[in-house]
Amino acid sequence: MKALYFAWIRERTGLAEEVIEPPATVKTAGDLIDWLKGRGEEFEYAFGDEHVVRIAIDRAHVQRDAPIEGAREIAFFPPMTGG
């Protein structure tokens, strides 16, 4: 699946996007964040305050418990602000 990183998540990981293949034990968006955090300190830093990170699977907003099976794209982005 393609992972997209936006704003400060992109800055902290050093990646705008990548193709990832998480192990079969990764079932939900929250599991995926936990798995990503284990990939290195840049990901640990990017998802350190993971409860503010927004998630979209195939362009639909989801919660951490959303299943990722069959997802083609998952995006991570910080909260939007107006102004």
Side-chain angles (χ1 to χ4, degrees):
M1 83 180 61
K2 183 189 290 186
L4 304 172
Y5 309 105
F6 292 95
W8 50 258
I9 298 170
R10 177 185 62 229
E11 293 168 10
R12 292 176 182 180
T13 62
L15 297 170
E17 65 180 67
E18 66 176 327
V19 175
I20 58 173
E21 294 182 31
T25 55
V26 175
K27 304 283 188 195
T28 67
D31 292 344
L32 183 59
I33 288 174
D34 292 341
W35 179 74
L36 288 168
K37 288 168 69 175
R39 294 177 66 208
E41 40 181 82
E42 66 273 23
F43 285 93
E44 179 72 33
Y45 178 50
F47 293 101
D49 192 7
E50 65 187 79
H51 297 289
V52 300
V53 173
R54 303 292 189 242
I55 308 164
I57 294 177
D58 294 332
R59 302 183 182 204
H61 291 257
V62 299
Q63 299 297 314
R64 288 180 48 91
D65 60 351
I68 63 168
E69 184 176 355
R72 289 171 290 153
E73 177 184 281
I74 186 162
F76 300 99
F77 47 96
M80 307 291 181
T81 58

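Hydrogens, waters and symmetry mates play no part in the numbers below; they use all other heavy atoms, side chains included.
Judged as a ring-ring contact (aromatic ring centres under 6.0 Å, His included), not a single pair has a partner in residues 8-39 (not counting sequence neighbours). Within the structure, side-chain hydrogen bond (donor to acceptor under 3.5 Å, both in side chains) pairs that include any residue of residues 21-30 comprise T28-D31 (at least two apart or interchain).
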Please list every donor-acceptor pair under 3.5 Å in which a side-chain atom of residues 9-20 meets a protein atom from a residue at least two apart or in another chain.
unit_1	atom_1	unit_2	atom_2	d
T13	OG1	I9	O	3.1
T13	OG1	R10	O	3.3
T13	OG1	L15	N	3.1
T13	OG1	L15	O	3.3
E18	OE1	R39	NH2	3.1
E18	OE2	Y5	OH	2.7
E18	OE2	R39	NH1	2.8

For residues 59-73, dump all side-chain donor-acceptor pairs below 3.5 Å to protein atoms at least two apart in sequence or in another chain.
unit_1	atom_1	unit_2	atom_2	d
R64	NH1	E50	OE2	2.2
R64	NH2	E50	OE2	3.1

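Remark: A56 engages A75, F77 in a side chain to side chain contact (heavy atoms under 4.5 Å, CB included) (not counting sequence neighbours).
Following chains of ILVMFWY side-chain contacts shorter than 4.5 Å, one can reach I55 starting from M1, so the two form part of one hydrophobic cluster. Using a 4.5 Å cut-off between side-chain heavy atoms of Ile, Leu, Val, Met, Phe, Trp and Tyr, with links allowed through other members, F43 and V52 fall into the same hydrophobic cluster. Both V26 and I33 belong to a common hydrophobic cluster when Ile, Leu, Val, Met, Phe, Trp and Tyr are linked at side-chain heavy-atom distances under 4.5 angstrom.
The line from CG of L36 to CZ of F76 is 5.5 Å long, rounded to the nearest 0.5 Å.
Counting only heavy atoms from C-beta outward, the side chains of R54 and P79 approach each other to under 4.5 Å.
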### Task
Under the side chain to side chain contact (heavy atoms under 4.5 Å, CB included) rule, what do I74 and L32 come out as? Steps first, then yes or no, please.
CA-CA 10 Å; I74 186 162; L32 183 59; 3.5 Å; yes

